Amino acid sequence: MPKSKRNKIVSLTRTEKKGFALKKNLVEEIQQCVEEYAFIFVFSVENMRNSKLKDVRENWRHSRFFFGKNKVMGLALGTTPENEYKEDLHKVTERISGDVGLLFTNQSRAEVEQHFQTFSEMDYARSGFVPEEDVELKAGSLDDFFPHNMEPQLRKLGLPTALKTGVVTLLKDFTVCTKGKALTPEQARILKLFGKPIASFHIKLQCVWGSDKFETLDE
């Protein structure tokens, strides 16, 4: 009869002494979630925004999210076949690297996959973001966007602007950003000032565990 993998004693000796109790509580909380929820998904976030991840948590209150503390999450699940909390959980731990999180849920696998495959929200891009399209501004009046006292700030950002009869005017067509070329801080600021969100916040599911079985989803 196979030995039970529950109630594993997890060593935290290699973690920092500070916050030991918090880490111990996190281990216990994650292991309790393994017992309470049918599925575990490892997910990554494209164009991370804390406020938007908070909204996802709120909309999925029937489930549990853990983000950050990768090492402790891995210790809770187990890192080898010998110390894993349940069968095949060490394979989940192998995917806990970088900016990833754990989703524990009792929703059906099909529902989870369909939801996150179609879910995305646009937001303003930050410096370093690589656009998937060119963004251009046409020459002409910018009166609908900016008051006259904004013109010096726009010019400082590199826009070819001037005041014409008190109206902020773009003197010629201007390419804000180019597909495939990372944004500078100035370009990111211009896109936000003109109300052009080009970054898509979305969650990508990497793998799933359920019924003691592991499966990769991103290959």
Side-chain angles (χ1 to χ4, degrees), residues 1-15 19-121 123 199-219:
M1 183 176 180
K3 295 173 65 177
S4 172
K5 295 195 176 187
R6 299 183 183 183
N7 301 320
K8 287 283 185 181
I9 298 175
V10 176
S11 173
L12 294 174
T13 56
R14 286 183 294 177
T15 62
F20 176 86
L22 292 176
K23 292 171 183 176
K24 182 175 182 292
N25 290 340
L26 178 59
V27 166
E28 294 173 351
E29 193 172 358
I30 289 172
Q31 291 180 342
Q32 185 61 38
C33 285
V34 175
E35 301 294 341
E36 295 179 0
Y37 295 94
F39 295 102
I40 307 172
F41 290 86
V42 176
F43 66 90
S44 59
V45 180
E46 297 292 326
N47 300 304
M48 176 64 180
R49 302 290 188 272
N50 289 333
S51 61
K52 293 193 179 296
L53 184 58
K54 183 178 179 181
D55 291 341
V56 172
R57 290 177 187 266
E58 181 67 20
N59 292 331
W60 280 67
R61 283 178 293 177
H62 45 65
S63 304
R64 289 293 307 275
F65 288 84
F66 294 88
F67 197 83
K69 304 290 184 183
N70 288 3
K71 188 173 182 180
V72 180
M73 290 193 294
L75 287 170
L77 299 178
T79 57
T80 68
E82 292 72 32
N83 68 17
E84 61 188 4
Y85 186 70
K86 281 192 176 182
E87 197 74 26
D88 269 358
L89 277 179
H90 77 280
K91 295 180 181 178
V92 175
T93 297
E94 289 174 356
R95 301 302 298 268
I96 302 177
S97 177
D99 294 328
V100 301
L102 297 176
L103 164 61
F104 290 84
T105 186
N106 284 323
Q107 304 302 109
S108 72
R109 175 176 165 178
E111 181 180 350
V112 176
E113 291 184 28
Q114 181 180 19
H115 176 81
F116 288 108
Q117 283 171 0
T118 57
F119 169 80
S120 69
E121 290 189 4
D123 203 344
S200 172
F201 167 88
H202 60 276
I203 287 175
K204 182 179 180 182
L205 302 176
Q206 295 190 359
C207 61
V208 59
W209 178 93
S211 302
D212 294 345
K213 294 182 180 179
F214 170 88
E215 184 177 340
T216 298
L217 299 175
D218 59 356
E219 292 183 350

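Note that this is a predicted model, so its numbers are computed, not measured. Reckoned from all heavy atoms, side chains included, excluding hydrogens, waters and symmetry mates. Just so you know, residue 1 is the first one in the sequence shown, and it goes up from there.
Counting only heavy atoms from C-beta outward, the side chains of Leu103 and Phe39 never approach each other to under 4.5 Å. Side chains of Phe214 and Cys207 form a contact here, defined as non-hydrogen atoms less than 4.5 Å apart. Looking at heavy atoms from C-beta onward, Arg95 lies out of side-chain contact with Val100 at the 4.5 angstrom threshold. Between Glu35 and Gln31 there is no side-chain heavy-atom pair separated by less than 4.5 Å. Using a 4.5 Å cut-off on side-chain heavy atoms (C-beta onward), Leu77 and His90 make no contact. Leu53 has its side chain within reach of Phe67: a pair of non-hydrogen atoms, C-beta onward, lies under 4.5 Å apart. You'll find the side chain of Val208 stays beyond 4.5 Å of the side chain of Ile40, heavy atoms only.
Under the side-chain hydrogen bond (donor to acceptor under 3.5 Å, both in side chains) criterion, Ser63 pairs with Thr105, sequence neighbours left out. Partners of Asn47 under the side-chain hydrogen bond (donor to acceptor under 3.5 Å, both in side chains) rule, at least two apart in sequence or in another chain, do not exist in this structure. The ring-ring contact (aromatic ring centres under 6.0 Å, His included) search around Tyr37 returns none, not counting sequence neighbours. Residues satisfying the side chain to side chain contact (heavy atoms under 4.5 Å, CB included) criterion with Ser120, sequence neighbours excluded, are Ser200, His202. Residues meeting the side chain to side chain contact (heavy atoms under 4.5 Å, CB included) test with Asp212, sequence neighbours left out: Lys86, Glu87, Trp209. Contacts of Lys204 classified as side chain to side chain contact (heavy atoms under 4.5 Å, CB included), with partners at least two apart in sequence or in another chain: Ser44, Asp218.
With hydrogens and angles disregarded, no donor-acceptor distance shorter than 3.5 Å links the side chain of Glu46 to the backbone of Phe201. The main-chain N or O of Glu111 is never found under 3.5 Å from a side-chain atom of Gln107 such that the two would form a donor-acceptor pair. A donor-acceptor pair under 3.5 Å is formed between the side chain of Asn106 and the backbone N or O of Ala38. A distance-only check finds a donor-acceptor pair linking the side chain of Asn83 to the backbone of Thr80 [under 3.5 Å].
Salt-bridge formation is not detected for the pair Glu36/Arg64: no Lys NZ or Arg NE/NH1/NH2 atom is positioned less than 4.0 Å from an Asp or Glu carboxylate oxygen. With salt bridges taken as basic N to acidic carboxylate O contacts below 4.0 Å, one links Arg109 and Glu113.
Considering CG of Asn70 and CG of Leu75, their distance stands at 11.0 Å, rounded to 0.5 Å. Here the CG-NZ distance, from Asn59 to Lys54, works out to 12.5 Å after rounding to the nearest 0.5 Å. To the nearest 0.5 Å, atom OH of residue Tyr85 and atom OG1 of residue Thr79 are 15.5 Å apart. Atoms CG and NZ, on Leu26 and Lys71 in that order, are 13.5 Å from each other to the nearest 0.5 Å. Distance check, rounded to the nearest 0.5 Å: CG of Leu102 to NZ of Lys69 gives 14.5 Å.
Below 30°, between 30° and 60°, or above 60°: for His115 and Trp60 the angle between ring planes is between 30° and 60°, a tilted geometry.
Residues Gly68 and Met73 come closest through the heavy atom pair O-CE, 3.0 Å.
No side-chain N or O of Gln32 forms a donor-acceptor pair with one of Glu28 less than 3.5 Å apart.
Around atom CG of Asp99, no more than 12 heavy atoms belonging to other residues, nucleotides or ligands sit under 6.0 Å away.
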Exercise for the section: May I have the step-by-step check of salt bridge (Lys or Arg N to Asp or Glu O under 4.0 Å) for Lys52 and Asp55, ending in yes or no? Expected result: CA-CA 5 Å; Lys52 293 193 179 296; Asp55 291 341; 5.6 Å; no
Exercise for the section: Carefully, step by step, assess Val56 and Phe116 under the rule side-chain contact (heavy atoms from CB on, under 4.5 Å). Expected result: CA-CA 10 Å; Val56 172; Phe116 288 108; 4.1 Å; yes
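Ring pair Phe65/Phe43: centre-to-centre distance below 6.0 Å. For Phe104 and Phe66, the ring centers are positioned less than 6.0 Å apart.
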